[in-house]
There are 2 protein chains.
Amino acid sequence: MGEMNIASTSRGNAHATMEDVAKLAGVSLKSVSRVINAEPHVSAKLRAKVEAAIAELNYVPDTAARSLAGSRAFIVGLLFDNPSPNYTMNIQKGVYETCRDQQHHLRIDNIDSTVPAEKFEAQLAAMVRNSRCDGFVLTPPLTDNVVLLDFLDRSGIRYVRIAPDIQPDRSPGVCIDDAAAAAAAARHLWELGHRRFAVVRGPASHGAAGRRRQGFIDELHRLGAENPIIEAEGNFSFESGIAAGAKVLAATPRPTAIFAANDDSAAGVMVACSQAGLKVPNDVSVCGFDDSWVAKSVWPYLTTVYQPIEEMGRAAAALLLRRDEPDNVLHELDFSLVVRASTAPPPQ
Amino acid sequence: MGEMNIASTSRGNAHATMEDVAKLAGVSLKSVSRVINAEPHVSAKLRAKVEAAIAELNYVPDTAARSLAGSRAFIVGLLFDNPSPNYTMNIQKGVYETCRDQQHHLRIDNIDSTVPAEKFEAQLAAMVRNSRCDGFVLTPPLTDNVVLLDFLDRSGIRYVRIAPDIQPDRSPGVCIDDAAAAAAAARHLWELGHRRFAVVRGPASHGAAGRRRQGFIDELHRLGAENPIIEAEGNFSFESGIAAGAKVLAATPRPTAIFAANDDSAAGVMVACSQAGLKVPNDVSVCGFDDSWVAKSVWPYLTTVYQPIEEMGRAAAALLLRRDEPDNVLHELDFSLVVRASTAPPPQ
DNA sequence: TTGTAGGCGTTATCAA
DNA sequence: TTGATAACGCCTACAA
C-alpha cells in the first residue's frame, strides 16, 4: 500500500481508472463507485480508504463511461435562439458556474426557430437524440416556444425555463417580478417630482415587456397620477428607442420622465432627447430596464432596474440538477433599482 | 427486409443502435461503423445497404459510446476568460456552426486567469482531465496565456488560437491583419481631407491594439502626414474612451479625426466630443474598430472596421477538426471598413 | 455494508 | 473488402 503511484496505473501513463483506485484502496470496484456517487451505506473507514486512493492517483471519473453505463450524463444543455449578447452571456456564465460547482459540463446548442415548422422539429430531434444531456436550460424566446416544450415533454427530457411568459406552472423556472420592478422605477420617478410620464413599450410578443409596462402604469395610478401617460411602440432595439423617444417627446405637454422597457431602447430614447435639443437628466429623465452592459455605455449612465441575470442562470441550472424531482414552481429572484445619472427632478 | 421499423429495435422504444442497423442491413457491426466513419475499403453496395438501414431506423450514433471506445470525443471545447459579451458571443456562434455541421458538440469552459499561478494550473488540470475533448478553441486573452499554452502542449492536447499576439507559429490560429485594417481607416480619414489626427490606444498588454495603432500611424506617414499625431492611453473601455477623448480634444490645434482602438472606446470618445460641445461628425470625425454591437448603439452610427469574428470562430473550429494534422499556420481572414455616419470631411 | 457478474454502444484488432 | 471478438470505464442489478 502507498507504494503505488500514478505511473503504475493499469495503462502506463494514461489516467487512473476506477480499477486502479480499487486496487490501491484494496476494495471492490463497486465500493469506489459508491464513494464517487455519494451513495448511502458506505462505512466511514471504507470511504476514507477510497478517498485517499483517489487523491493519491489523482483520479477523475470518466464522463463518457459514466454516461454510457449510467442514467446520468453529467451534461447540462443550454439552448438559445437569436441571442442578445449581453443577456445571453450573463445567463451562460451563471449556468456555467453551477455546472462547474456540481461537476457537470455545459453544452451549448443554438436553435433556429425561424425555420419552417417541420424542419424545426427535425432540428430538435437531431439535437436531442444525439445529445445525452441531463436536461436543458431554456432562455427566452425559446422559453415560450410551445413546439419545443411539447417536444421535450413528449421525449421525457427535463428542462428549466428562464423568465417564462406562458404556462408558468408547466415546468420549473426562474424569473423576477417584472411588474414590481417597473413599479419601483415608477416610484423613483414620482418621488423625484415627475408628474408627466411616457412609456416606451417592448415587443408585443414579449410577456415580460407587457408586465413591465403594466406595472409602471398601475403604480403611477396608485400614486395618484392624473396626467395621461404617453405611450409609444418599441421592440427592445436601440433604433426603435430613437423613434419612440422622438414620438413621445413631440407630445404636448412634453413628458419629463420616460420609462423604456429595456436598456437598449432607453439608450435610443437618450439619443432622441439629444436630437430634440434636450439634456438628460436636466430636461428629461430616462429610465431603462435590465442593467445590461449598455447602461454604462451611454452618457449619462443610465438609471435602470437590475435583473440578476447571472443568478438566474445559476438558479436554473441548480434546479435542473436537483436529484429529487423538483416541483414545477417558478422561483422569483430579487431585482433592484439602480439609480445612476439619467434621472433627476424635473425642471422647476 | 424493409419490414423492420423503429418499433422493433432491440430495446423497445429506445433509440436504434448500431446493432439494429447491422441486422436490418444484414451486415456486421464493423461494416456499419465503417460507413458511419467514412472509412475506406467499403464497397458501394454495402454502403448503400447500410445507409438505407440508417435512414429507415433513424439511427444516430451515440456520442458517449463513441468517445469511450474510440479516440475521438466529438466535442470541441471553447475556452474563455473574462469575456466581452459581443465578441465572445460572435466567436461562440461561429464555433458552434462548424461543430453542428461536423456533428460535434460544443462545450464551454470558463477559465479564471486572475487566480494565483498554482491554483491556475490546478484549474486547468481539472478541466482538461475531466474533459474528453478533441481540442480547444482559445479566445483572447487566453490565446496568449503562456501557462495555458505550455499546459496544453505538455498534455498533448490540440488547440487553435484566435487572434494570437505571441508566438504566432506555435499553433494553428486565425486572425486578421490589424495593421492593414487600421491603415484602411487612416486612408479613409485622409481621403476625407483630415490632416490633424489623434489615436486612442488600447491596453498595452493587447498586441492587436498595438498593431492597430502602429498600422494607423504608419499609413498616415506614408500618405505624407506632417502634423504630429496626438495619442492618449485607453484600455478598450467606454470610460477610458471618455477620458482619452477629453485629453486629445484639449490639444492645440485640435485634431479633426480620432481613431480609437476599439468600438467601446470610440463610443466614449463620442461622449467626450459631446461634452466638449463638439458635433460628430461635423466638428470631429470618430472611427472605431471591431464593428461590434456598440457601433450601432451610438448616435451617429460609428464608422469602424469590421472584423469577421463569427467567421473566425468557424475557421478556428474547422482547423481543429481537420483529420490531417494541420500545420501551425496563422490564417488571415479579411476585414473591411464600414463607413457610417461618424466620419465626414473636416470643418472647412 | 460490501462484492460479483453482466451490459451500456461503439471502436480497434486481427483474422478470414 | 468483410467479420468475429475483445476492449473502453463505469453503473445496475443482484448476491453475499
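Because the structure is predicted, anything quoted here is derived from the model rather than measured. Below, chain A is the first sequence line, B the second, and so on; all start at residue 1.
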Task: salt bridge (Lys or Arg N to Asp or Glu O under 4.0 Å) partners for B:R322, two or more places apart - done: B:D324

TODO: Find the distance B:R66:CZ to D:dG9:C1' and express it as a whole number of Å.
DONE: 19 Å

Task: Nearest-neighbour nucleotide for the B:H41 side chain, C:dT10, D:dT2, D:dG9 considered - done: D:dT2

Open item on the list: Please tell me if B:S43 has a side-chain N or O lying less than 4.0 Å from either OP1 or OP2 of D:dT2.
Closed with: yes

Task: Overall bend - the helix from C:dT1-D:dA16 to C:dA16-D:dT1, comparing terminal axes fitted on five pairs, nearest 10 degrees - done: 30°

Open item on the list: Salt bridge or not between A:D150 and A:R170? Use side-chain N to carboxylate O under 4.0 Å.
Closed with: yes

Open item on the list: Whether the A:S113 and A:D81 side chains hold a donor-acceptor pair (N or O, under 3.5 Å, no angle test) is what I'd like checked.
Closed with: yes

TODO: Would you mind classifying the nucleic acid contact of B:S67 as base, sugar-phosphate or nothing, using non-hydrogen atoms under 4.0 angstrom?
DONE: nothing

Is there any protein nitrogen or oxygen under 3.5 Å from a nitrogen or oxygen in nucleotides 3-7 of chain D, and what are the pairs?
| residue | atom | partner | partner atom | Å |
| --- | --- | --- | --- | --- |
| D:dG3 | OP2 | B:S28 | N | 3.2 |
| D:dG3 | OP2 | B:S28 | OG | 3.2 |
| D:dG3 | OP2 | B:S31 | OG | 2.6 |
| D:dG3 | N7 | B:R34 | NH1 | 3.4 |
| D:dG3 | O6 | B:R34 | NH2 | 2.9 |

Open item on the list: Applying a 4.0 Å non-hydrogen cut-off, can you work out what B:M18 is touching in the nucleic acid: base, sugar-phosphate, or nothing?
Closed with: base

Task: Nearest-angstrom distance from the residue atom CZ of A:R72 to C1' of D:dG9 - done: 16 Å

Open item on the list: What is the separation between atom CD1 on B:I36 and atom C1' on C:dT10, rounded to the nearest whole Å?
Closed with: 9 Å

TODO: Using atom types as modelled and distance alone, determine if a side-chain donor or acceptor of B:S171 lies under 3.5 Å from a backbone N or O of B:V160.
DONE: no

Open item on the list: Quick check against the 3.5 Å criterion: does B:D20 have a side-chain atom that pairs as donor or acceptor with the backbone of B:T17?
Closed with: yes

TODO: Determine the sole option in A:Q102, A:Q92, A:R314 for which the side chain to side chain contact (heavy atoms under 4.5 Å, CB included) test with A:E97 is passed.
DONE: A:R314

Open item on the list: Using modelled atom types and a 3.5 Å cut-off, is there a donor and acceptor pairing between side-chain atoms of B:D134 and backbone atoms of B:A73?
Closed with: yes

Open item on the list: Check whether B:R34 reaches the backbone of B:E39 with its side chain - one donor and one acceptor, N or O, closer than 3.5 Å.
Closed with: no

Task: Length of the CG-P vector between B:L68 and D:dC11, whole Å - done: 12 Å

Open item on the list: Can you see if the side chain of B:S71 gets near the phosphate of C:dT11 - specifically, an N or O under 4.0 Å from OP1 or OP2?
Closed with: no

